[in-house]
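Here is the structure we will look at.
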Amino acid sequence: MNPQNRQLQEIVARAEGEIGQAANLHDLQLVKSRWLGKKSELQGLMKLLGGLPKEERPAFGQRVNQAKSQVGACVRLREETLKEADYLRTLEERRLDITMPGRRRQAGALHPITLATRFIEDVCISMGFEVAEGPDIEDEYHNFDALNTPDDHPARDLSDTFYIEDDVLLRTQTSTVQIRVMETHKPPIRIIAPGRCYRNDNDASHSPVFSQLEALVVDKGVTFADFRDTVDIFTKRVFGEQIESRFRPHFFPFTEPSAELDILCSACKGSGCNVCKGSGWLELGGAGMVDPNVFRACGIDPEVYSGYAFGFGIERVAMLLLGIPDMRMLFENDVRMLRQFRSYKGVHQGSGASS
Ligand code: DAH
């Protein structure tokens, strides 16, 4: 073998050795340019071509080219091997354990106060009422004056009502919505107004923020008998057929006559228990025939129209329907408590206090 051939073989052998050693694609790239690049030994041999006798040149050129393609093939082979190894390593690293339990999505639920509100709304809508709304931030006129409340009434006191400015306050009752509806709508009116109310009260049975639902009916010829009957149907639909209701004489500035509305204790059905403190009855809210002064304040002629209104706390109803013993539980929002109530459906079949 002539010395050039030997030299070529020896170069190829060294190149193949180094290519085989390249541990990754990056290294392989460096090795490749060392053995096949412009400054490589093989390229250097090509430069010797000019110095050779003419007849030897083609054969030598051919051999150098063969050596180059041999080295090139070796690089491609190594490249494939390294890529394959890379791929297998990635598969291994990203291996999915399909037996691992998934992360369960936390499903939210409606708050018991919202559940109770929607339930009462459904009952009232089935009785022909529409749902009305008014602002939480009110003026004294809608919260007191138009509701026939005298200037010196204790409810107006700073110790009972949250004032924002002189004449601006957080409504203490949803009765304000009566006024807003009567100011803007002509009778017949048949609305309920659920919403938040605010009072400077905070103890075991009072919260500074609470919810009320107000109902108002105004039309020609509305009588106390209509009133009594509607309230009776309403309380039975909300609390169950066995739950009687009764009126006790009372006073509210915006109704005449006025009454307090009681229902038969839904926990003991009247026999007396600790929920009703032995009396068999539970106080639900206030009620009465709309006072003529309230009609006048809203531009409705009390000689032509009459009506009735009632209002009560929604927290109370939620507690009775869902069997929640302490009002504070409704505001603490402990999810262990909230999770137990996802629907008011079936409250009369025994999941609430009425069972
Ligand atoms: N707004 C009264 C309160 O917060 C409840 C009430 C009493 C509403 C008599 C009425 C009513 O509609 O006629 O105590």
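Every number for a ligand or one of its atoms is a count from 1 in the order of the listing. The analysis underlying the following values was restricted to heavy atoms, covering all of them including side chains, and did not include hydrogens, waters or symmetry mates. Since the structure is predicted, the reported quantities are computational estimates derived from the model, not experimental observations.
- Residues T176 and N143 bring no donor and acceptor atom of their side chains to less than 3.5 Å of each other.
- Atom numbering of ligand 1 starts at 1 in the shown order; those under 4.0 Å from a heavy atom of G311 are 8 (C), 10 (C), 12 (O).
- Around the CG atom of D166, the shell of radius 6.0 Å holds no more than 12 heavy atoms that belong to other residues, nucleotides or ligands.
- Near Q178, meaning under 4.0 Å from one of its heavy atoms, ligand 1 places the atoms 12 (O).
- At least one heavy atom of F254 sits less than 4.0 Å from an atom of ligand 1.
- Each of the following atoms of ligand 1 lies closer than 4.0 Å to a heavy atom of T255: 13 (O).
- Residue-ligand proximity: G285 is placed with every non-hydrogen atom at 4.0 Å or more from ligand 1.
- Under the 4.0 Å criterion applied to side-chain N and carboxylate O atoms, R63 and E56 are not assigned as salt-bridge partners.
- A salt bridge between R89 and E93 is absent, with no side-chain N of the basic residue lying under 4.0 Å from a carboxylate O of the acidic one.
- Assignment of R199 to the shell around ligand 1 is supported, since a heavy atom sits closer than 4.0 Å.
- In the vicinity of G288, heavy-atom distances shorter than 4.0 Å reach the ligand 1 atoms 13 (O).
- Contact check on R171 versus D136 returns a salt bridge, with a Lys/Arg side-chain nitrogen under 4.0 Å from an Asp/Glu carboxylate oxygen.
- Looking only at atom types and distance, the side chain of E214 has no donor-acceptor partner in the side chain of Q173 under 3.5 Å away.
- Of all the heavy atoms of F310, the ones lying under 4.0 Å from any atom of ligand 1 belong exclusively to the backbone.
- For atom 1 (N) of ligand 1, the nearest non-hydrogen atom from the set R171, E214, Q173, Q212 comes from Q173.
- Contacts of A309 with ligand 1, taken as heavy-atom pairs under 4.0 Å, involve both backbone and side chain.
- Remark: ligand 1 atoms within the under-4.0 Å shell around heavy atoms of S175 are 1 (N), 8 (C).
- In this structure, E92 pairs ionically with R95, as a charged nitrogen and a carboxylate oxygen lie closer than 4.0 Å.
- Interface atoms of ligand 1 facing F252, defined by a heavy-atom separation under 4.0 Å, are 7 (C), 9 (C).
- Between F129 and F234, the distance separating the two ring centers is not shorter than 6.0 angstrom.
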